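Source: prediction; values computed, not measured. Values reported hereafter were calculated over all heavy atoms of this structure, with side chains retained and with hydrogens, waters and symmetry mates removed.
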Amino acid sequence: MPKLIILGSSNAISSKDNENTHMVLVGKERIVMVDCVNNPVHRLKQADVDFMDLTDLILTHFHPDHVSGVPLLLMDMWLRGRKKPINIYGLHYTLDRIEKLMRMYSWDKWPNFFPVTFSRIPTSENITLLDCDEFKVISSPVHHMIPTIGLRFEFKNNNKVLTYSCDTEPCNEVVRLASGADVLIHEASGASLGHSSAGQAGQIAAQAEVGKLYLIHYPTGDYANGNMLAEARQYYQGEVELATDFMTMDFL
């Protein structure tokens, strides 16, 4: 009975009640976190997920509001005696920089460190990133300021599909990645270089003919503005909601 928990819903400027966008997919055998910000240990605990049980970490791109928590996560796991391996997935661009960052912390000198496997993803559409008994995860490049991937989760017990756009301008790659999905989680930072407005997210949802649209990575706190739901509904006739911190989506 996989479920997706939104750990943060804000854009790059977080607020008291909204952490930067990241999420975790909880299955029976695998627990997969998408992006890693601040210190995710506390956020996972609030979501009733033991961070020591994480099996996989997907990093969509190398911007601080998506990867700043990686060193703290790995260090906390090590300090608490983790032995089992963890898999980290991302584009060459992303993982090269993560490894360089960890070398700056001299993690190779941390004694008895647990195994970390870096899996580099080609910059191509429809790459199977992870495939297990409960679900398959597929990646495709999207249009952001630096190399970035969006994700498609295909659940095997019921053939449901969830797509996450990540940070992106409107692009055909997301339309194809989300085609026919039951749920599309699309960013709504606002129309600017590498980002989309709520209305543009609605247009993508309509083109992809998805069942439901969640807006995420939107301005929060002092920067919240406008009626994003109304804006998206101008272009998309299906159900639209704001993704909020600790919201849970079940894929029974």
Set of salt bridge (charged side-chain N to carboxylate O under 4.0 Å, His left out) partners for Asp182, sequence neighbours left out: none
Do Phe51 and Met77 pass the side chain to side chain contact (heavy atoms under 4.5 Å, CB included) test, and can you show the C-alpha distance, the side-chain angles, and the key distance before you say yes or no? CA-CA 8 Å; Phe51 80 101; Met77 286 177 166; 3.6 Å; yes
What residues, two or more places apart in sequence or in another chain, satisfy side chain to side chain donor-acceptor pair (under 3.5 Å) together with Tyr89? Asp56
Suppose we screen for ring pair (Phe, Tyr, Trp, His ring centres under 6.0 Å). Which residues come up paired with Phe155, at least two apart in sequence or across chains? Phe251
Neighbour count >12 (heavy atoms, 6.0 Å) for atom NZ, Lys156: yes
Given 3.5 Å as the limit, does a donor-acceptor pair link the side chain of Thr244 with the main chain of Met247, or not? no
salt_bridge(Arg30, Asp131) N-O dist < 4.0 Å: no
Would Lys28 and Asp133 pass as an ion pair if we require N to O under 4.0 Å? no
Residues that Glu209 engages under salt bridge (charged side-chain N to carboxylate O under 4.0 Å, His left out), provided they are two or more places apart: none
Those residues that, when tested against Asp96, pass salt bridge (charged side-chain N to carboxylate O under 4.0 Å, His left out) (two or more places apart): Arg120
Using 0.5 Å steps for rounding, measure from the CZ atom of Arg97 to the CD1 atom of Ile146. 7.5 Å
Considering all heavy atoms, the nearest Ala232-Val240 contact: CB-CG1, 4.0 Å
For the residue pair Thr168 and Thr148, establish whether any side-chain heavy-atom pair is separated by less than 4.5 Å. no
Which residues pass the side chain to side chain donor-acceptor pair (under 3.5 Å) test with Glu241, not counting sequence neighbours? Lys212
With a 6.0 Å cut-off (strictly less than), is the heavy-atom count around OH of Tyr223, excluding the residue itself, greater than 12? no
Asn227 CG: over 12 foreign heavy atoms closer than 6.0 Å: yes
Check whether any side-chain N or O of Arg82 sits under 3.5 Å from a backbone N or O of Met52 as a donor-acceptor pair, and report yes or no. yes
Is there a donor-acceptor pair under 3.5 Å between the side chain of Ser140 and the backbone N or O of Asn126? yes
Side-chain hydrophobic cluster, 4.5 Å single linkage: members besides Leu193: Met145
Indicate if Val24 and Leu162 have the same hydrophobic cluster label, given that clusters are the connected sets of ILVMFWY residues with side-chain heavy-atom separations under 4.5 angstrom. no
Same hydrophobic cluster for Ile149 and Val37, using side-chain heavy-atom links shorter than 4.5 Å among ILVMFWY? no
How close do Thr123 and Pro141 get, heavy atom to heavy atom, and via which atoms? CG2-CB, 4.1 Å
Could you tell me whether the side chain of Asp245 and the main chain of Ser9 form a donor-acceptor pair under 3.5 Å? yes
Here the ring-ring contact (aromatic ring centres under 6.0 Å, His included) pairs for residues 180-210, sequence neighbours left out, are His144-His195, His195-His217
In short, Ser189 meets Pro219 closest at the heavy-atom pair O-CG, 3.7 Å
Flag if over 12 foreign heavy atoms under 6.0 Å of CG, Asp48: no
In terms of heavy-atom contacts, Leu72 and Asn38 come closest through CD1-O, 3.9 Å
Does atom CZ (Phe246) have a neighbourhood of more than 12 heavy atoms from anything else shown, all under 6.0 Å? yes
Residue list, side chain to side chain donor-acceptor pair (under 3.5 Å) with Asp35, at least two apart or on another chain: Thr60, His66
Considering only residues two or more places apart or on different chains, which pairs with a residue in residues 109-119 satisfy side chain to side chain donor-acceptor pair (under 3.5 Å)? none
Show, in sequence, the C-alpha distance, side-chain angles and deciding distance for Leu74 and Phe114, and conclude whether the side chain to side chain contact (heavy atoms under 4.5 Å, CB included) test is met. CA-CA 9 Å; Leu74 296 178; Phe114 57 92; 4.0 Å; yes
Check Thr128, Leu91, Ile121 against Ser139 for a side chain to side chain contact (heavy atoms under 4.5 Å, CB included) and give me the one that passes. Ile121
Looking only at atom types and distance, does a side-chain atom of Tyr236 sit under 3.5 Å from a main-chain N or O of Ala201, one as donor and one as acceptor? no
What distance separates Met23 CE from Met33 CE, expressed to the nearest 0.5 Å? 11.5 Å
Got a donor-acceptor contact below 3.5 angstrom from the Ser165 side chain to the Glu187 backbone? yes
Are the charged groups of Glu19 and Arg43 less than 4.0 angstrom apart, N to O? no
After noting the C-alpha distance and the side-chain angles of Leu54 and Leu73, does the key distance pass the side chain to side chain contact (heavy atoms under 4.5 Å, CB included) rule? CA-CA 10 Å; Leu54 286 177; Leu73 176 68; 4.2 Å; yes
I'd like to check Leu130 versus Val32 (side-chain heavy atoms, cut-off strictly below 4.5 Å). Are they in contact? yes
Could you tell me the separation between the OH atom of Tyr214 and the CG atom of Leu4, rounded to the nearest 0.5 Å? 10.0 Å
Rounding to 0.5 Å, atoms CD1 (Ile216) and OG1 (Thr21) come to a distance of 4.5 Å
What is the distance from atom CG of Asn172 to atom CD of Gln207, rounded to the nearest 0.5 Å? 7.0 Å
Closer than 3.5 angstrom, by distance alone: can the side chain of Asn20 be matched with the main-chain N or O of Ala12 as a donor-acceptor pair? yes
May I ask you to list the residues sharing a hydrophobic cluster with Met104, side-chain cutoff 4.5 Å, ordered by chain and number? none
Distance-minimising heavy-atom pair for Leu95 and Gly90: CD1-N, 3.6 Å
Hits for salt bridge (charged side-chain N to carboxylate O under 4.0 Å, His left out) against Lys84, two or more places apart or cross-chain, chain-then-number order -> Asp53
Would you find a donor on one side and an acceptor on the other, under 3.5 Å apart, between the side chain of Glu154 and the backbone of Lys136? no
The reported gap from CD1 in Ile138 to CD in Glu125 (rounded to nearest 0.5 angstrom) is 11.5 Å
Applying side chain to side chain contact (heavy atoms under 4.5 Å, CB included) to Ile98 and Val67, what does each step give before you reach the verdict? CA-CA 8 Å; Ile98 287 292; Val67 301; 4.0 Å; yes
Closest approach of Leu151 and Leu177, non-hydrogen atoms and distance? N-CD2, 3.5 Å
